[in-house]
There are 2 protein chains.
Amino acid sequence: MSTERRAPLDRKRVADTALRLLNEVGLEGLTLRAIARELDVKAPALYWHFKDKQALLDEMATEMYRRMLAGTALDPADTWQERLLKTNRGLRAALLGYRDGAKVFSGSRFTGTEHAPALEANLRLLTAAGFTLAQAVDAGRTATMYTLGFVTEEQGVRPLGGEHREGFDMEERARRLARFPLAAEAGTLLFDDYDRQFEEGLAVVVAGVGARYGIS
Amino acid sequence: MSTERRAPLDRKRVADTALRLLNEVGLEGLTLRAIARELDVKAPALYWHFKDKQALLDEMATEMYRRMLAGTALDPADTWQERLLKTNRGLRAALLGYRDGAKVFSGSRFTGTEHAPALEANLRLLTAAGFTLAQAVDAGRTATMYTLGFVTEEQGVRPLGGEHREGFDMEERARRLARFPLAAEAGTLLFDDYDRQFEEGLAVVVAGVGARYGIS
DNA sequence: AGCATCTCCTTAACAGCGTTAAGGTGTCAA
DNA sequence: TTGACACCTTAACGCTGTTAAGGAGATGCT
């Protein structure tokens, strides 16, 4: 009979475990009871560390953000275009790293101030490149909103990189849209190669930032 | 004793009622039992008309889209810029018309082919303006993803145009970010005047479409 | 007229959810 | 030895989406 006592939980261990579990069961399967079972604990124990489930989701989002920072090398010599591309590619990669990652992320708020250094660095780089502070903020937000929207949609259609959700039979779609030739032809373009789609849209946003604020 | 018999339900009546109720109770309060009560019916009755709750949410999203089309006047003489602006302003307005509108919308798929005529019209206008079909699709998608991401965030912070969610005290934020002057100063810019923010980002996207595809 | 069929809804129930209340056990300090 | 505190358990509550089974009213067939 083992008298080994499990080390006490802390917020980070809970969030890490929950993130790992998220990839196995998805957001709708991510119940407090399942997380607790994984931690060898009963569900109400989690309420000692988090005031409710949303607080745990907030911590998970913060941890996702930390891992995104760790996975995105920010070179101070980046041009503003490179920086915008890098941060948004990094954001997408981080979100795609978890099933329903975008939903978890955009439904939550960060718990600390850990996002401040990166925000500061990006604002500094863009203002140094000639943007006003307001322009830098608007540019970053526009790109971020695009990325969040894109990945949310991407993960809604293709939850973990596998099959499509039902109702996406291309042949049947083309038949239904026979009276709308452009829309029908667009079908193959609409659902293929998300990497290319994302890069294309991101390039549009970056080009727009340069064009609208007159900075190249 | 009234022998009046309620007219039988249909999918549209259910979806309409659910949309009205959504604005009173929000997505998390939108239970099948609450919807059924509103329709003077018991919850399992809804399963006669919808195979599950997601099917009802899909119908609601489709109805939102119909109302967006009805509220957006599409002039065939629009320039491509005007068309992009109009459709995305209309999309945002439609989403903002319902509590958690963006979440309902982007978590769902349309039920029919009713989106096809508008899609066809937009693709026709953009290709006539000189875009290739692939470019037109990419341009429209980029703008739509931006709008969906933006409104999702907007409604997450300010669920129905009222107060902010807790944790958005500006003074306290500035104090915490004392070591990050640009980030601190950006605070007032970050959370003010969503209309202006949205228009600015949309203008960036439209400018980017023109710049990247060389069409003005 | 009588019987069957189909539509639309009800009653009853199930497993599972987030959450709260109350209490127990181990550890460390006085 | 006593008390306080950190951390977790057991039990329960009201709620959820969903299924199974069946009943009432209209419609059509013989």
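None of the values given here were measured: they were computed from a predicted structure. Order of the sequence lines sets the chain letters (A, B, ...), proteins ahead of strands, with each chain counted from 1.
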Check your understanding: Whole Å only: how far is the CG atom of L32(B) from the C1' atom of dT18(D)?
Key -> 9 Å
Review point. Could you give the CD-to-C1' distance, from E28(B) to dT19(C), as a whole number of Å?
Key: 13 Å
Check your understanding: Nearest-Å distance, NZ (K51(A)) to C1' (dT19(C))?
Key -> 12 Å
Review point. Below 4.0 angstrom, N of the basic side chain to O of the carboxylate: do R13(A) and E38(A) qualify?
Key: no
Review point. So, is W48(B) close to the dC9(C) phosphate, meaning a side-chain N or O under 4.0 Å from OP1 or OP2?
Key: no
**Study point:** Residues from residues 33-45 of chain B lying under 4.0 Å of DNA chain C - heavy atoms
**Key:** R33(B), V41(B), K42(B), P44(B), A45(B)
Revision key, fill the gap. Between CZ of F50(B) and C1' of dG17(D) the distance, given in whole Å, is 15 Å
Practice item. Go through Q197(B) and D193(B) one step at a time and tell me if the side-chain hydrogen bond (donor to acceptor under 3.5 Å, both in side chains) criterion holds. Key: CA-CA 6 Å; Q197(B) 288 179 22; D193(B) 198 347; over 6 Å; no
**Study point:** For atom CG of L9(A) and atom P of dT9(D), their distance in whole Å
**Key:** 9 Å
Exercise for review: Between dT19(C), dC8(C), dC17(C), spot the one nearest the side chain of Y47(A), thanks.
Suggested key: dT19(C)
Check your understanding: Hey, what do you get for CG (L177(A)) to OG1 (T113(B)), rounding to the nearest 0.5 Å?
Key -> 6.5 Å
Review point. Would you say H49(B) reaches dC9(C)'s phosphate, i.e. side-chain N/O to OP1/OP2 under 4.0 Å?
Key: yes
Check your understanding: Cationic tip of R92(B) within the cone over F150(B)'s six-membered ring, i.e. under 6.0 Å and within 45° of the normal?
Key -> no
Exercise for review: To the nearest Å, give me how far apart CG (L27(B)) and P (dG17(D)) are.
Suggested key: 10 Å
Check your understanding: Between D52(A) (CG) and dT20(C) (P), how many Å, whole number?
Key -> 8 Å
Review point. Side chain of N122(A), backbone of L125(A): donor and acceptor closer than 3.5 Å?
Key: no
Review point. Nearest-Å distance, CD (Q54(B)) to P (dT16(D))?
Key: 18 Å
Exercise for review: Step by step, work out the side-chain contact (heavy atoms from CB on, under 4.5 Å) result for L148(B) and M145(B).
Suggested key: CA-CA 5 Å; L148(B) 282 176; M145(B) 297 301 107; 4.2 Å; yes
Exercise for review: Look at the rings of H115(A) and F110(A) and say which category their plane angle falls in: under 30° parallel, 30 to 60° tilted, over 60° perpendicular.
Suggested key: tilted
